Amino acid sequence: MKRVFTSLIAALALSAQLASADPSLEYQVKAVCVLNAARFVSWPASAFADSDAPLVIGILGDNPFGSILQDAVQGATVRQRRIVVRRVGLAEAANCHIVFVSRPERDRLPAIFQTIGDSSVLTISEIDRFVENGGTVGLALEHGKIRFEVKQEAASRARLKIESQFLLLARSTK
């Protein structure tokens, strides 16, 4: 886990270069943040169909990553589970373990959170005020750096346990 924590810190440090870099670097760092968020979260056993079930990362709406997120998780595992990335519709979101909500879905946030309900889904987005509106992890580009905040209440409602190392790096943990 120390290696994972170090890679998260390195990704956040790399984000310092984003102000002058090309936009794909921003999504490379955000992809590493999504992957590392998965490594610092524990899901209840009931969130998986069986012991061989993969950890599913769903992208709801437009895919700002292109192939970057898929490439980042290629061959990676989380708690001995392979990782699958797929585009999902609203009806499929509650069947994922992580849902990245794209910016164009902003107006549908109430419907998204209602559909996901209290399923064990870690929601992540770069939508402004995402955690204030009910999301779990919000990503933001501030002064050339990727920052994130965590809403512990949303994680608790989803029966997710977020490790303290991850919370220490968050801008705020409400």
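Since the model is a prediction, treat every value here as computed from it, not as a measurement. Hydrogens, waters and symmetry mates play no part in the numbers below; they use all other heavy atoms, side chains included.
- In this structure, the side chain of R87 engages the main chain of G61 through a donor-acceptor pair within 3.5 Å.
- Scanning all heavy atoms of the two residues, the minimum distance from V78 to A38 falls at CG1-O, 3.4 Å.
- When all heavy atoms of A72 and L35 are compared, the pair lying nearest together is O-CD2, 3.6 Å.
- The heavy-atom pair separating V131 from T136 by the smallest distance is CG1-O, 3.6 Å.
- Between R159 and the options S46, S119, S120, a side chain to side chain donor-acceptor pair (under 3.5 Å) holds for only S120.
- In this structure, CG in L69 is found 12.5 Å from NZ in K30, a value given to the nearest 0.5 Å.
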Exercise for the section: Apply side chain to side chain contact (heavy atoms under 4.5 Å, CB included) to Q152 and I162, showing your working. Expected result: CA-CA 8 Å; Q152 291 187 64; I162 300 176; 5.6 Å; no
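- Rounding to the nearest 0.5 Å gives a distance of 11.0 Å between CG of N36 and CD of Q165.
- Smallest separation of non-hydrogen atoms from I68 and A31: CG2-CB, 3.8 Å.
- In this structure, R103 contributes its side chain and D62 its backbone to no donor-acceptor pair below 3.5 Å.
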Handout entry: Test log, rule side chain to side chain contact (heavy atoms under 4.5 Å, CB included), inputs E132 and E149
Key = CA-CA 10 Å; E132 287 89 351; E149 57 187 351; 3.8 Å; yes
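- By the neighbour-count criterion of 12 heavy atoms within 6.0 Å, atom CZ of R82 is sparsely surrounded, having that number or fewer from other residues, nucleotides or ligands.
- L55 and R81 make their closest contact through N-CB, 4.2 Å (heavy atoms, listed as atom of the first residue, atom of the second, distance).
- Summarising the local packing, CD of Q114 is surrounded by 12 or fewer heavy atoms from other residues, nucleotides or ligands at distances under 6.0 Å.
- Side-chain atoms of E126 and P64, non-hydrogen and from C-beta on, do get closer than 4.5 Å to each other.
- Side-chain atoms of E92 come within 3.5 Å of backbone atoms of G89 as a donor-acceptor pair (strictly under, hydrogens ignored).
- Donor-acceptor pairing under 3.5 Å is recorded for the side chains of R79 and S42.
- Contact of the N95 side chain with the V56 side chain is not registered, since no non-hydrogen atoms from C-beta on lie closer than 4.5 Å.
- Ring pair W43/H97 is perpendicular by interplanar angle, where above 60° counts as perpendicular and below 30° as parallel.
- Remark: aromatic rings of F130 and F148 are distant, center separation not under 6.0 Å.
- Atom-to-atom distance recorded for E105:CD and I59:CD1 is 12.0 Å, nearest 0.5 angstrom.
- Atoms CZ and SG, from F166 and C33 in turn, are 7.0 Å apart once rounded to the nearest 0.5 Å.
- For the pair R106 and N133, the minimum side-chain heavy-atom distance is below 4.5 Å.
- Between T123 and V137, every side-chain heavy-atom pair lies at or beyond the 4.5 Å cut-off.
- Atom CZ in R86 sits 6.5 Å away from atom SG in C96 (nearest 0.5 Å).
- Once rounded to the nearest 0.5 Å, the distance linking CD1 of I127 with CZ of R108 reads 10.5 Å.
- Contact annotation: the side chain of L90 approaches that of I112 to within less than 4.5 Å [non-hydrogen atoms, C-beta and beyond].
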